[in-house]
Amino acid sequence: MFVQLEQRRRSRFPWATLLLVAACVACYVWFSLVDPVQRGLWVARWGTVPARLLEGRWYSELLPLLTSLFIHVNWLHVLGNLLFLVIFSVPAERALGPRRLLFLFLVGGALANLAGALTLGHTSTPIVGCSGAVSAVVGAYLGLFPRARLGLVLPLGIYFQFVQVPALVLIGIWVLVQLLFTWVGPSFDAVVWWAHIGGFVFGLGYAAVARPALARERRR
């Protein structure tokens with residue numbers, strides 16, 4: 001029974017991950033086709049604007065904490081986020097299930113944007129993109145699969161070498177880079193680094209809370 005359940009979980013179609021990817025791509029395509037003036041108005045209204053959150057109107061800014069996750073400013077922005085999302089979200093969804101994965105992405109991303117907004121103070125520059133949500137997924141992946149290994153392709157002259165590296169090592173290096181840039185500046189290179197850290201911490205905590213429930217489901 002346990003083996004059959006595990007096989008079903010591994011073969012579960014990751015529809016929640018694909019739904020999130022499709023939503024981000026659709027929003028970016030629409031965003032790239034509209035008039036630049038309308039584009040700017042859209043970002044200002046539906047992005048997370050730290051000043052509005054800190055000026056007593058926070059209740060009207062709860063929805064933009066979510067909608068900002070699906071706004072990306074250029075194709076490199078959306079492609080980079082979605083690449084990391086697919087790598088870590090598919091195994092996380094198969095372990096958590098689609099509903100828990102959607103909760104992780106949306107709530108983790110909203111809280112990550114909130115953390116980033118609090119570090120930026122009263123700036124009017126909107127926070128957009130799902131980097132914080134993806135960081136939450138990365139944190140949950142590490143919490144769920146602490147002994148996992150990730151494939152890495154290393155260029156060796158004209159050849160390429162495929163190696164497997166512990167996920168803890170690669171993700172640990174990534175976390176150190178995030179911490180380094182938060183020390184350099186909260187918005188260095190127009191990236192809200194504290195949103196990444198906030199999302200990652202939420203993902204780790206979410207995995208720790210979900211693991212007992214997952215274990216009970218496996219036993220049943």
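For T48 (side chain) and P64 (main-chain N/O), a donor-acceptor pair under 3.5 Å exists by modelled atom type. When atom types are taken as modelled, the side chain of T67 and the backbone of W46 share a donor-acceptor pair closer than 3.5 angstrom. The backbone N or O of L96 lies less than 3.5 Å from a partner atom in the side chain of R100, making a donor-acceptor pair.
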Show your working on side chain to side chain contact (heavy atoms under 4.5 Å, CB included) between C24 and N81 and close with a plain yes or no.
CA-CA 10 Å; C24 289; N81 279 340; over 6 Å; no
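Aromatic pair F103/Y206: ring centres closer than 6.0 Å. In this structure, F200 has its ring center under 6.0 Å from that of W174.
Rounding to the nearest 0.5 angstrom, the gap separating the CG atom in L20 from the CG atom in L102 is 5.5 Å.
Placement of V107 and V201 within a single hydrophobic cluster is found when ILVMFWY residues are connected by side-chain heavy-atom separations under 4.5 Å, directly or transitively. Linking ILVMFWY side-chain heavy atoms closer than 4.5 Å, directly or via other members, places W42 and L66 in two distinct hydrophobic clusters. Both L76 and L33 are assigned to one and the same hydrophobic cluster, defined by single-linkage of ILVMFWY side chains at heavy-atom distances under 4.5 Å. Under a hydrophobic-cluster definition in which Ile, Leu, Val, Met, Phe, Trp and Tyr are linked whenever side-chain heavy atoms come within less than 4.5 Å, directly or via other members, V34 and V78 are assigned to different clusters.
Residues F105 and L69 are in side-chain contact: their nearest non-hydrogen atoms beyond the backbone lie under 4.5 Å apart. Residues I127 and P50 form a side-chain contact, since some pair of their non-hydrogen atoms from C-beta on lies under 4.5 Å apart.
By the ring pair (Phe, Tyr, Trp, His ring centres under 6.0 Å) test, F145 is found to be paired with Y141, residues two or more places apart in sequence or in another chain being considered.
Ring planes of F88 and F84: parallel class, angle under 30° (limits at 30 and 60°).
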